[in-house]
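Worksheet for the structure shown next.
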There are 2 protein chains.
Amino acid sequence: MNAPDVALICRALGDTNRLQIVELLTHGEQCTCVLLEHFSITQPTLTHHMRVLTECGLLKSRKEGRNTYYSLNCETMSDFREFIAGLVCGK
Amino acid sequence: MNAPDVALICRALGDTNRLQIVELLTHGEQCTCVLLEHFSITQPTLTHHMRVLTECGLLKSRKEGRNTYYSLNCETMSDFREFIAGLVCGK
DNA sequence: ATAACACATAGATTGCTGTCAATGAAAATT
DNA sequence: AATTTTCATTGACAGCAATCTATGTGTTAT
């Protein structure tokens, strides 16, 4: 994973709401309606955040009936963790 | 380290130039003048980026003569790495 | 003292971002 | 078929952020 991709992900995680969304999704996929209960934002704003997180590759989405389920993209998350893990002092 | 602090750091790392600055500083402290050679931005813009990185706790600075030397704040970096390392699928 | 150097600060501008209300679209329910 | 539910899209707005030029400040060299 190269620097521009990482910067894009960091920018996505640079919003408190989005960071909390990712934290919630570490426990498994969730639909928008359930996620919405955890925040004090409107549904369009949440959908906007989900879009940002999806476009940088962090999330996957799956439609089932009238629900949309979001989950972490494990591969991207793994690559990102690896990059950050490499940012050590005195390399 | 709590979520708001992490979000602040992520936002700081969400700029390609700043991410590269942090990568450069993993090899040790550097003064502004040397860092500037790696980028195609003006000196005030670089100083602005150093300020952002310092204010979120990622960098430390030290003045020696007419030079300012920047280095990673190892403790903050460590806490941040640990937080990101905890963002795993299927927790 | 004067000049040169390294960096910070101020002010302006342009573009992006988080948020909302309003609306659209597709599926399930009645 | 009509209504309800769930989510996406649109358009707007206020605030922030990246960048620049111009200038200020402290330090070293001449």
Residue mapping more 5' on DNA chain C - nearest nucleotide basis, R11(A) or I41(A):
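It is R11(A) whose nearest nucleotide is closer to the 5' end.
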If you pin T45(A) and M50(B) to their nearest nucleotides in DNA chain C, which one's is more 5'?
M50(B)
Within the 4.0 Å heavy-atom criterion, would you say [X] contacts the bases, only the backbone, or no part of the nucleic acid?
X      : value
T32(A) : sugar-phosphate
H48(A) : base
Y70(A) : sugar-phosphate
T68(A) : sugar-phosphate

With the side chain of [X] defined as its heavy atoms from C-beta on, choose the nearest nucleotide among [options].
X      : options                  : answer
D15(B) : dT19(C), dA8(D), dT19(D) : dT19(D)
H49(A) : dA8(C), dG18(C), dT9(C)  : dG18(C)
R66(B) : dT19(D), dC5(C), dT9(C)  : dC5(C)
C33(B) : dT19(C), dA6(C), dT19(D) : dA6(C)

With a 3.5 Å cut-off and just heavy-atom distances, do the side chain of Q43(A) and the base of dA8(D) make a donor-acceptor pair?
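Indeed, a donor on one side and an acceptor on the other fall under 3.5 Å apart.
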Quickly work out the N67(B) CG to dC5(C) P distance and round it to whole Å.
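Between P of dC5(C) and CG of N67(B): 13 Å.
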Between C1' on dA8(C) and CG on L46(B), what's the gap in Å once rounded to a whole number?
12 Å
Working to the nearest 0.5 angstrom, can you tell me the gap between L13(A) CG and I84(A) CD1?
9.0 Å
Please check if any side-chain donor atom of T16(B) sits under 3.5 Å from a side-chain acceptor atom of Q20(B), or the reverse.
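Not at all, the side chains of T16(B) and Q20(B) share no donor-acceptor pair under 3.5 Å.
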Is the phosphate of dT19(C) approached by T42(A) (side-chain N or O, under 4.0 Å from OP1 or OP2)?
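No, because none of the side-chain N or O atoms of T42(A) sits under 4.0 Å from OP1 or OP2 of dT19(C).
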